[in-house]
Amino acid sequence: MSAEARYRALKGMKDVLPPDIHLWQKIETAFREVFGAYGFQEIRTPVAESTDIFVRSIGETTDIVEKEMYTFEDKAGRSLSLRPEGTASVVRSFVENRLFNLPSPQKFYYMGPMFRYERPQSGRYRQFYQTGVEAFGSPQPEMDAEVIAMLGRLLGSIGLPELVFQVNSIGCENCRPGYKEKLLAFFGNRLEGLCADCARRYRQNPLRILDCKVPGCVELRQGAPKITDHLCADCRSHFEGLQRLLDLLGLSYAVNPDMVRGLDYYTRTTFEVTSGSLGAQNAVAAGGRYDRLVREFGGPETPAVGFAIGMERIVELLHQSAGAVVPAPDIFIASMGGEAGKQSFLLAQQIRDRGLWAERGDPAASLKSQMRRADRIAARHVFIIGEEELRSGIVRWKRLADSSQGEVALSDAAESAVRLRGDSLSS
RNA sequence: GUGGGCGUAGCUCAAUGGUCAGAGUACUGGACUGUGGCUCCAGGUGUUGGGGGUUCGAGUCCCCUCGCCCACCCCA
């Protein structure tokens with residue numbers, strides 16, 4: 001690379017530049033509107049927390065905590081970590097600020113960067129952005145359904161309707177241990193057939209064997225006990241209730257008993273949205289219920305459910321379906337000579353005072369090159385000020401789309417700019 | 001952490017081990033002395049990612065290194 005590129009962004013971290021940034025802003029605006037309709041309010045928490053907050057919530061033996069966190073000591077020797085996900089911080093804040101004293105349920109959303117020290121690949125970054133929600137206080141399946149429905153609305157609001165929703169229930173502290181036993185028993189006498197990774201999973205997190213991609217393991221797990229057949233009565237009725245509500249809303253989804261979550265804190269409902277056109281990292285959004293986490297953080301027994309959307313991944317999907325809308329100036333002012341340049345400078349200010357986007361050409365450059373530049377940046381209209389115009393106190397205008405031209409008084413040019421834009425918007 | 005692919009102009013890419021590393025595009029100017037797009041003409045740009053080695057000679061072959069990409073793992 002050239003000599004100027006001595007300083008680079010860190011591995012797995014990217015600049016978001018125009019025109020991409022317009023896509024991001026469009027998504028964020030659409031999302032905020034949907035959040036408003038569902039009564040979710042924004043919450044902003046710090047990007048760093050005490051390390052133990054993440055260890056406690058995500059789970060000591062998860063990959064995230066064991067090897068993917070950006071952990072460091074501050075100058076006082078405290079162990080801090082950059083947040084690898086959003087839920088832990090929001091739960092910490094919920095408890096610390098005693099938000100459980102406010103009317104229940106309390107519903108929050110956040111948008112912001114997360115950090116995981118992983119090997120980057122398509123759709124996976126070390127700093128990545130998540131938009132997530134957390135709804136506290138309701139144990140009812142209605143809240144699960146509401147949150148899932150909102151996720152569908154969010155994705156639909158930006159033109160991504162045709163995605164696959166999968167739901168599952170992974171039970172609770174009453175029924176999951178028993179199921180785990182059955183699973184261990186099932187794979188216990190099939191250990192030789194499992195891949196090396198699954199042999200490890202057998203000891204660390206046997207549920208993970210269920211979504212291994214190795215053909216031999218896929219084969220071998222046929223007939224393995226399904227979590228959905230081993231739920232306790234409460235979990236089963238919750239899960240069935242959720243499905244009835246999703247049906248009521250007309251949402252299409254698939255029950256996938258093999259869908260497992262990577263974080264320890266989930267209970268009962270889990271769900272995931274995937275896309276077929278994203279490569280290996282195909283999860284667009286994922287979430288679930290976590291009824292014990294608030295209690296573990298020292299708050300009162302408070303059921304909760306939430307999800308997070310991977311922003312880079314939906315940006316990628318939107319990229320595939322449509323190009324970004326690049327904003328363009330309303331008026332480009334071309335001028336020739338010193339006095340005309342001065343008038344163009346003043347006129348640009350007057351136009352901007354009216355809320356329009358005005359750009360100026362270089363008065364020392366030829367009109368031709370100024371016109372070319374106006375065309376390149378897709379300006380809708382060009383104002384031309386030269387010697388002739390100054391003498392007669394006028395400004396020529398030209399609409400680039402159809403080459404129509406006219407002239408207006410210099411003193412009225414700023415107001416004319418407003419009218420011209422109105423005309424081109426309505427036509 | 002493991003495996004594979006790729007690094008040549010701002011961008012997209014050429015160049016059987018052999019002169020001075022090229023083309024398109026973009027940019028600037030001109031043809032059109034004050035009017036964009038289309039066409040034509042002219043102009044500049046490179047530590048061939050970096051370092052070492054083989055060779056009379058390396059963008060090309062070998063080794064090391066850095067970076068990017070993809071996959072595994074894991075996950076949004």
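A, B, ... follow the sequence lines: proteins, then strands. Residue 1 opens every chain.
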(message) Could you walk me through whether A:R419 and A:D412 satisfy the salt bridge (charged side-chain N to carboxylate O under 4.0 Å, His left out) test, starting with their C-alpha distance in whole Å, then the side-chain angles of each, then the deciding distance to 0.1 Å, before giving a yes or no?
(response) CA-CA 11 Å; A:R419 286 195 298 273; A:D412 187 44; 2.9 Å; yes
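Between A:F40 and A:F35, the ring-plane angle classifies as tilted under the 30° and 60° cut-offs.
Nucleotide B:rC40 holds its P atom 15 Å from the NZ atom of A:K368, rounded to whole Å. Distance, A:M114 CE to B:rA76 P: 11 Å, rounded to whole Å. The interatomic distance linking A:E388 (CD) with B:rU33 (P) rounds to 13 Å, in whole Å. For the pair A:R372 CZ and B:rG29 C1', the computed distance is 8 Å after rounding to whole Å. A:D211 has its CG atom 12 Å from the P atom of B:rC72, to the nearest Å. B:rU2 atom C1' lies 12 Å from atom CZ of A:R200, rounded to whole Å. Remark: P of B:rG34 and CZ of A:R373 are 19 Å apart, rounded to the nearest angstrom. A straight line from CZ of A:R83 to C1' of B:rA76 spans 13 Å, rounded to a whole angstrom.
Judged purely by atom type and a 3.5 angstrom limit, A:Q370 uses its side chain to pair as donor or acceptor with the backbone of A:D362. Checked by atom type and distance alone, the side chain of A:D330 never pairs as donor or acceptor with a backbone atom of A:L356 at under 3.5 Å.
Using a 4.0 Å cut-off between charged side-chain N and carboxylate O, A:E118 and A:K67 make no salt bridge. Checked for salt-bridge contact, A:D197 and A:R200 meet the test: a charged N lies under 4.0 Å from a carboxylate O. Of the charged side-chain nitrogens involved, none lies within less than 4.0 Å of a carboxylate oxygen, so that A:E312 and A:K14 do not count as a salt-bridged pair. We find that A:D52 and A:R56 are not joined by a salt bridge, their nearest charged nitrogen and carboxylate oxygen being 4.0 Å or further apart.
Within the nucleic acid shown, A:E389 comes within 4.0 Å of at least one base atom, counting heavy atoms only. A:G132 comes within contact range of no nucleotide atom at all, as no heavy-atom separation falls under 4.0 Å. Contact annotation for A:I314: no contact, since no heavy-atom pair falls under 4.0 Å across all strands. A:E68 comes within 4.0 angstrom of the backbone, heavy atoms only, and of no base. Within 4.0 Å (heavy atoms only), A:A374 reaches no atom of the nucleic acid at all. Looking at heavy-atom distances under 4.0 Å, A:V284 makes contact with sugar-phosphate atoms alone, never a base.
Identified under the salt bridge (Lys or Arg N to Asp or Glu O under 4.0 Å) test for residues 129-142 of chain A, with sequence neighbours left out: none.
Evaluation of atom-type donor-acceptor distances gives a pair under 3.5 Å for the side chain of A:R124 against the base of B:rC74. Side-chain atoms of A:Q370 and base atoms of B:rU35 include no donor and acceptor less than 3.5 Å apart.
As rounded to the nearest Å, B:rG1 and B:rU65 have P atoms that lie 13 Å from one another. Between B:rG4 and B:rC11, the distance separating the two C1' atoms is 27 Å to the nearest Å. A gap of 24 Å separates the C1' atoms of B:rA15 and B:rG51, to the nearest Å. Rounded to the nearest Å, the gap between the P atom of B:rC69 and that of B:rG17 is 30 Å. Using atom P as the reference point in both B:rG22 and B:rG46, the two lie 12 Å apart (nearest Å). A distance of about 16 Å separates the P atoms of B:rA14 and B:rU60, rounded to the whole Å. Spacing of C1' atoms, B:rC41 relative to B:rG52, comes out at 46 Å, to the nearest Å. B:rG10 and B:rG44: their P atoms are spaced 16 Å apart (whole Å).
Pair check for B:rC6 finds B:rG67; Watson-Crick or G-U wobble, both atom distances under 3.5 Å. Across all strands shown, B:rA26 forms no Watson-Crick or G-U wobble pair with both key distances under 3.5 Å. Shown here, B:rU39 forms a base pair with B:rA31; the pair counts as Watson-Crick or G-U wobble because both key distances fall under 3.5 Å. The base-pairing partner of B:rC72, taking Watson-Crick or G-U wobble contacts with both distances under 3.5 Å, is B:rG1. With both pairing distances under 3.5 Å, B:rU19 is matched to nothing as a Watson-Crick or G-U wobble pair. Remark: B:rU54 base-pairs with no nucleotide; criterion is Watson-Crick or G-U wobble with both hydrogen-bond distances under 3.5 Å.
The side chain of A:A280 sits closest to B:rA71 out of B:rA71, B:rC74, B:rG34. Closest to the A:S369 side chain, of the nucleotides B:rC73, B:rG34, B:rG29, is B:rG29. The side chain of A:M371 lies closest to B:rU35, out of B:rU35, B:rA76, B:rC72. Side-chain proximity of A:L367 to the nucleotides B:rC74, B:rG34, B:rA76 is greatest for B:rG34. When distances run from any side-chain atom of A:R116 to the nucleotides B:rC72, B:rC73, B:rA76, the shortest one goes to B:rA76.
Phosphate contact (OP1/OP2 of B:rC73, side-chain N/O of A:K213, threshold under 4.0 Å): present. Contact check, A:T131 against B:rA76: no side-chain N or O comes under 4.0 Å of OP1 or OP2.
Within the cation-pi definition used here (under 6.0 Å to the ring centroid, within 45° of the axis), A:R126 qualifies as a partner of A:Y117. Figure legend: A:R292 and A:Y290 shown without cation-pi pairing, the cationic atom not lying both under 6.0 angstrom from the six-membered ring centre and within 45 degrees of its axis.
Toward the 5′ end of RNA chain B lies the nearest nucleotide of A:L278, the other residue of the pair A:G287 and A:L278 mapping further downstream.
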(message) So if I define the base as every atom that isn't primed, P, OP1 or OP2, how would nucleotides 64-69 of chain B read as a B/S/- string at a heavy-atom cutoff under 4.0 Å?
(response) ---SSS
